[in-house]
Number of protein chains: 2
Amino acid sequence: MNPDILTVVSVDVLLLRYDRPTGRVLLHLDRRALDPYAGRLALPGVAARTGERLASAADRACRKVEGTPRALGQLRTFDEPSRDPRGASLSIAMWAVLAPDEPASGAVPIAGVPPLPFDHDIIVATCRPMLAALLWRDVTFTRALTGDVFTSSDAVVLARELTGRDPHRANLNREVGAVPGLVADGTAPTAGGRPPKQWRWTDADA
Amino acid sequence: MNPDILTVVSVDVLLLRYDRPTGRVLLHLDRRALDPYAGRLALPGVAARTGERLASAADRACRKVEGTPRALGQLRTFDEPSRDPRGASLSIAMWAVLAPDEPASGAVPIAGVPPLPFDHDIIVATCRPMLAALLWRDVTFTRALTGDVFTSSDAVVLARELTGRDPHRANLNREVGAVPGLVADGTAPTAGGRPPKQWRWTDADA
DNA sequence: ACAAAAGTGTTTTTTATACACCCATGG
DNA sequence: CCATGGGTGTATAAAAAACACTTTTGT
């Protein structure tokens, strides 16, 4: 087969996790071991293997950093030929979500991502609004982010972190209540003022 | 470099054209010259060359069929490994739009696409709603489809063909009037009943 | 009793959808 | 002057956004 048509496809992952204690959505970055950009933080990425599914490649990329994601999805493809100094490649950006509450290493708040190598700044800038659009609308994404139970206060944080704007509590509560598979489940044992409402995902699936 | 990471990336194009005379949106298909599926109609596609931009690959694919498209965009990636009997490959689906009113060869109305080889049925089914969502919202896509001037009746046809449902004229006229860069420009010289309103794209760009 | 944190009811705005009726042309 | 095809105004419904006020807890 003509070698001219063989392409390097890298799968770069926006690996998110809701960090409840600090009230941030973290983007997990990978401290690169190898050149180019050795030592720099970058989106975790791998070169897709021949015949490998995108989800599998994304999973490998995540494993380099923190572990197996609870959910995965496709965002879009970046094709700028000069994006990688080693040579032309395509990059398929994917999102992935880790279970909440685990320790983080090279994680930064998604609201304050430092300059990244390759075209990763462009990827993050392009994809952040796409992630915000998934919240409350894509149940898989949302459930992975929130975990099985979460409070209205968590919802406020998640919305603020992804959209960059403060949601109105009244409207947000209604929006959350309208998400299929979510039911109110009493109030949460929180310190401070009035305890927030708790939401729990129904359905048998994990 | 590890050959295991070299992938065949095919760019498959949903190549559209508004056929004013028949009032249809046509999907241009390619009669395959080579196996697999020689002789069958399929989405025009090419294998992306190393370092080639997606738009360039899509352009090559279009040229196999009808000519240079006026606009191009990305839809999504399909990664089912068995999609091509020759071996695993990725397929990046793109849209492209040809200038209206030219002759068609292997074109079929988008509302009645016959069974296609590879995973092209899945691609078409997945992407049709995405195309419908572009109409009136993505000016590049819309302008390429309509051409520089078009009538409200054309707008009705385009909306019907892409969404599959009849739009309400009153609402559609308002929607079209709200598209940035479009201005009303008298009425069109049409036979039959009352002459329809004409719309013209402003701005200096082609 | 007060401050902090959250909840809920109501209004306003915007968008989408639907309906009804009027207008321009050709035979 | 009527059939055909199109236009526009208005009404209704649904969704989004904003506002105001009340409730629950800890101190």
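The model shown is predicted, which means the values in this text are computed figures rather than measured ones. Below, chain A is the first sequence line, B the second, and so on; all start at residue 1.
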With [X] via salt bridge (Lys or Arg N to Asp or Glu O under 4.0 Å) - residues at least two apart:
X	result
B/Arg32	none
B/Glu175	none
A/Lys64	A/Asp30

Q: Please name all residues satisfying side chain to side chain contact (heavy atoms under 4.5 Å, CB included) with A/Ser10, sequence neighbours left out, ordered by chain then number.
A: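 In terms of side chain to side chain contact (heavy atoms under 4.5 Å, CB included), with neighbours along the sequence ignored, A/Ser10 is linked to A/Asp12, A/Arg83, A/Ser91.
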Q. Taking only residues two or more places apart in sequence, or in another chain, which ones meet A/Pro21 in a side chain to side chain contact (heavy atoms under 4.5 Å, CB included)?
A.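 Applying side chain to side chain contact (heavy atoms under 4.5 Å, CB included) to A/Pro21 gives A/Asp19, A/Asp101.
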Q: Pull out every residue in residues 169-177 of chain A that has a heavy atom closer than 4.0 Å to any atom of DNA chain D, ordered by number, or say none.
A: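 Those residues whose heavy atoms fall under 4.0 Å from DNA chain D, taken from residues 169-177 of chain A in numerical order, are A/Ala170, A/Asn171, A/Arg174.
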Q | side-chain hydrogen bond (donor to acceptor under 3.5 Å, both in side chains) partners of residues 155-171 of chain B, not counting sequence neighbours, each pair once | A |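 Passing the test, one end in residues 155-171 of chain B: B/Arg24-B/Glu161, B/Ser153-B/Arg169, B/Arg160-B/Asp166, B/Asn171-B/Arg174.
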Q) Which residues in residues 152-166 of chain A have at least one heavy atom lying under 4.0 Å from any atom of DNA chain C? A)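 Only A/Ser152, A/Ser153 qualify.
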Q) Does the side chain of A/His168 get closer than 4.0 angstrom to OP1 or OP2 of D/dA17 through an N or O atom? A)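 The answer is no; no side-chain N or O of A/His168 sits under 4.0 Å from OP1 or OP2.
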Q: Could you note down all residue pairs passing ring pair (Phe, Tyr, Trp, His ring centres under 6.0 Å) where residues 40-97 of chain B supplies at least one of them, sequence neighbours left out?
A: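 Every ring pair (Phe, Tyr, Trp, His ring centres under 6.0 Å) pair that includes a residue of residues 40-97 of chain B, provided the two are not neighbours, is B/Trp95-B/Phe141.
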Q) What pairs of residues pass the salt bridge (Lys or Arg N to Asp or Glu O under 4.0 Å) test when at least one of them lies in residues 37-54 of chain B, not counting sequence neighbours? A)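 Sorted pair list: A/Asp4-B/Arg49, A/Asp79-B/Arg53, A/Glu80-B/Arg53, B/Glu52-B/Arg60.
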Q: Let me see the working for B/Arg143 and B/Asp148 under salt bridge (Lys or Arg N to Asp or Glu O under 4.0 Å), right down to the final yes or no.
A: CA-CA 7 Å; B/Arg143 178 168 186 166; B/Asp148 285 336; 3.2 Å; yes
**Q.** Closest-nucleotide 5' rank along DNA chain D - winner of A/Arg137 and A/Thr187
**A.**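 The 5'-side residue here is A/Arg137.
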Q: Would you grab the first and last nucleotide of DNA chain C (5' to 3') that comes under 4.0 Å of any non-hydrogen atom in chain B?
A: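 Using the under 4.0 Å cut-off, the span is C/dT17 to C/dG26.
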**Q.** For A/Phe118, ring-ring contact (aromatic ring centres under 6.0 Å, His included) partners two or more places apart
**A.**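 Scan of A/Phe118 (ring-ring contact (aromatic ring centres under 6.0 Å, His included), adjacent residues dropped) gives A/Tyr37, A/His120.
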